[in-house]
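What you see below is based on every heavy atom in this structure, not just the backbone, and it leaves out hydrogens, waters and symmetry mates. First the proteins, then the strands, lettered A, B, ... as listed; each starts at 1.
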Amino acid sequence: MIAVEGLTKIYGHRRALDAVSFEVPKGEIFGFVGPNGAGKTTTLRILAALLDPTAGRAFIDGADVVQHPDRVHDRLGYMPDFFGVYDQLTAGEYLDFYAACYRQPKLRRRKIADDLLELVGLADRRDQSVDTLSRGMKQRLCLARSLVHDPAVLLLDEPASGLDPRARVEMREILKELQQMGKTIVISSHILPELTELCTMIGIIDHGQLRATGRVQDVIRQLTAGRRLRITVLGQREEAIALLKGLASVREVDVSNGSLEAAFEGDEATAAGILQALIAGGIKVSGFTQLEGGLEAAFLKVTTEGIG
Amino acid sequence: MNRIAVALWNPIVEKEYRSRMRTWRSPAAMTVYILLLGGLGWAIFSSEASSAQNSLNPGQAAGFGQSLFLWLIIFQMVLLAFITPALTAGAISSERERQTMDLLFVTRLPPFSILWGKLLASMSFALLLLLLSVPIFSLVFLFGGIELDQLASAFLVTAVAALTLGIIGSKPVAPPAITYLSPLIPLITIGMNQSISGYGVRNGPFVGSGGYSCSSNNGGPQVCYATAANGAPIGKAFVGQPPSYPPFQQSGTSIPSGLFAGWQYWQASIVEWLVVSAIALVISALLLPPVRRLPWGRRHPSPSLLGETGSGPNA
């Protein structure tokens, strides 16, 4: 549905995007993750035909974004990382205005606006002025706006930024519903865990380069190859280190805060095996934990690696 | 035809009308405008009315009417010269400020429609102000000296001039300096004598050689009309005694030579303004979109660059 080939954008001497390529099949939710300034918004703006790439090509449902921006705009709903609302209009008028901009016939516009407000849970706010809506409501109204012409592809730039946890959950529910309607969705964010629950695919971008891309589970496995255990032992530290180092699955062991931290490769069974080996070796284990936040740490590692 | 209609009347116009009239600023602006213009009209009217109390003949009255009309129309032009660019400059830049420009560009509306919609909406407000001034201009007819067609052409010139200034003043085409200087353009034109004839006021020099020619039916009312030097009738006939002063010459409002020779000044002004508007509008429409796809050069990514980046470092 979305195909990006060797996309490059150069501003002056700075490469904002460097040969980025990925594909998103129909019906997937693609999470586009990277720190601020990594090139997420640039990529989305090129996909929305609002920016010409310096090199490379991009297609939305087969339409080239440089050659046929009109066809791209027909198939695409774009929600930028700001609200873009008109204060003097009501929520219903706001949607009606954009539906008219997409040349929807007048008779259908009322129904479109009502249906979309229902979808994003703002049906009771139809006649309320846009500037009196809360941040989360504005965000949902903007999502509704990007849907007025029933596009097959949605590009959402940081849809969850600045939302409280409850609003985030609501936004996630709406996106799941949209996925069930068969829409292909691209979401950008700088927070990886936020996307792993929602997305089916993920791409990690940093300094204009795509570091990893694929199915969520594959990327997570790739990133967290080398999970970490925190092991607390009673005395016998040296023996424990020697024993751990002798195991094939353990890559490295170091001491921090009086406990041992062991990096290993494998799954839950491997972790259980390590504990069994320690106990079988006569080591008194008082604590055995898998470290949380491994995903985030791995993400930080991946997005800073390329600098030096 | 339908495409043209869609381009000229689009959702942006409707939305702008709606949101503009929902603020308190619009009625306030209208009130201030009427107060300014009406205040000037009242001041001139009362000063002329008092000096006309002692002796009033049709010629003097016509002179008063003409000077009142000139003051009003020039003041109106000055007001609109400052207001219209402010309205249109705000129209485009407010979209940029709200960051809604991108949202409009991803819709099906072509850039020209977006530009035209914004300009039309803000210039309709200038036209509304113009329309509001009609009752004030009706003061002129208490004195006479100005005919309805002259008033109409003067309003037309003002409207077209305001439109041109609005288009020039809108941000996409003009660097800010021009926007701020644009009110000076009509002031310069007003400074030159041309604009006065441009507004169609027939205030040419008196002719000594002309006079009045009167005829009367037996016992009926006497009908007179002014004549030029060669005895040809000028203007409308009137009933009554011929005045004691020579008639106004009705020449001096058409251009003697050059490209527009034989045209009325106001007609030539309108044509000039419209040409400038059209050029400015085309330039604006080309400069407005975020991706400037000029008709003579659609850019393709160069293959050499593609190769270079394709083999570039890939982490």
Side-chain angles (χ1 to χ4, degrees), chain A residues 5-8 10 15 17-19 21 45-46 48-57 65-67 69-70 72-74 76-89 93-94 96-104 129 142 145-146 148-149 155 206-207 209-211 302 305-306, chain B residues 2-3 6-7 9-26 94-111 113-114 117-118 121 289-294 297-315:
Chain A
E5 299 165 6
L7 213 57
T8 300
I10 301 174
R15 270 175 190 261
L17 281 184
D18 195 357
S21 302
R45 281 176 62 86
I46 290 174
L50 287 169
L51 199 65
D52 266 354
T54 312
R57 306 204 298 167
V65 295
V66 178
Q67 305 291 326
D70 295 348
V72 168
H73 291 157
D74 272 349
L76 182 92
Y78 173 62
M79 177 177 160
D81 56 350
F82 42 79
F83 295 133
V85 291
Y86 299 103
D87 295 344
Q88 265 84 37
L89 299 181
E93 285 170 346
Y94 181 76
D96 185 83
F97 166 63
Y98 279 100
C101 288
Y102 278 104
R103 306 268 166 81
Q104 301 293 333
S129 172
C142 289
R145 183 216 39 233
S146 65
V148 287
H149 56 307
L155 300 182
D206 184 43
H207 288 80
Q209 297 182 337
L210 210 56
R211 305 279 183 202
V302 121
E305 246 170 12
Chain B
N2 190 30
R3 285 187 62 167
V6 167
W9 182 263
N10 57 52
I12 294 183
V13 183
E14 194 186 328
K15 184 217 77 178
E16 289 287 309
Y17 280 170
R18 203 171 268 177
S19 52
R20 185 179 290 282
M21 283 308 169
R22 279 184 186 167
T23 61
W24 58 268
R25 259 177 285 155
S26 298
S94 74
E95 292 282 334
R96 292 212 195 281
E97 236 165 64
R98 277 199 219 95
Q99 303 182 295
T100 41
M101 216 56 185
D102 281 354
L103 299 178
L104 292 177
F105 280 117
V106 295
T107 66
R108 296 277 307 274
L109 291 179
S113 283
I114 298 173
K118 299 297 290 185
V291 179
R292 285 168 194 165
R293 295 198 166 85
L294 301 178
R298 175 165 283 185
R299 287 195 296 119
H300 297 273
S302 68
S304 63
L305 203 55
L306 248 175
E308 178 204 323
T309 53
S311 61
N314 221 336

Consider only side-chain N and O atoms of Glu16(B) and Tyr86(A), and report whether a donor and an acceptor are under 3.5 Å apart. no
With sequence neighbours excluded, tell me which residues meet salt bridge (Lys or Arg N to Asp or Glu O under 4.0 Å) with Arg145(A). none
Rounded to the nearest 0.5 Å, what separation is found between the CD atom of Gln88(A) and the NZ atom of Lys15(B)? 9.5 Å
Drop me the distance from Phe97(A)'s CZ to Thr100(B)'s OG1, to the nearest 0.5 angstrom. 8.0 Å
Spatial distance of atom CG (Asn10(B)) from atom CZ (Arg103(A)) [nearest 0.5 Å]: 8.5 Å
Please classify the contact of Ile12(B) with chain A as side chain, backbone, both or neither, using a heavy-atom distance under 4.5 Å. both
Answer whether the closest heavy-atom distance between the side chains of His149(A) and Thr107(B) falls below 4.5 Å. no
Drop me the distance from Cys101(A)'s SG to Ile114(B)'s CD1, to the nearest 0.5 angstrom. 7.5 Å
With Ser129(A), which residues qualify under side-chain hydrogen bond (donor to acceptor under 3.5 Å, both in side chains), at least two apart? Asp131(A)
Quick one: CE on Met101(B) to CG on Leu50(A), what's the gap to the nearest 0.5 Å? 11.5 Å
Non-hydrogen atoms of Ala48(A) and Val106(B) that approach each other most closely: O-CG1, 3.9 Å
Minimum heavy-atom separation for Phe105(B) to His73(A), with atom names? O-CE1, 3.1 Å
Top contributor to chain B interface from Leu76(A), Asp87(A), Asp70(A), Leu89(A) [non-hydrogen pairs under 4.5 Å]: Leu89(A)
What's the spacing between Leu104(B) CG and Tyr98(A) OH if we round to 0.5 Å? 5.0 Å
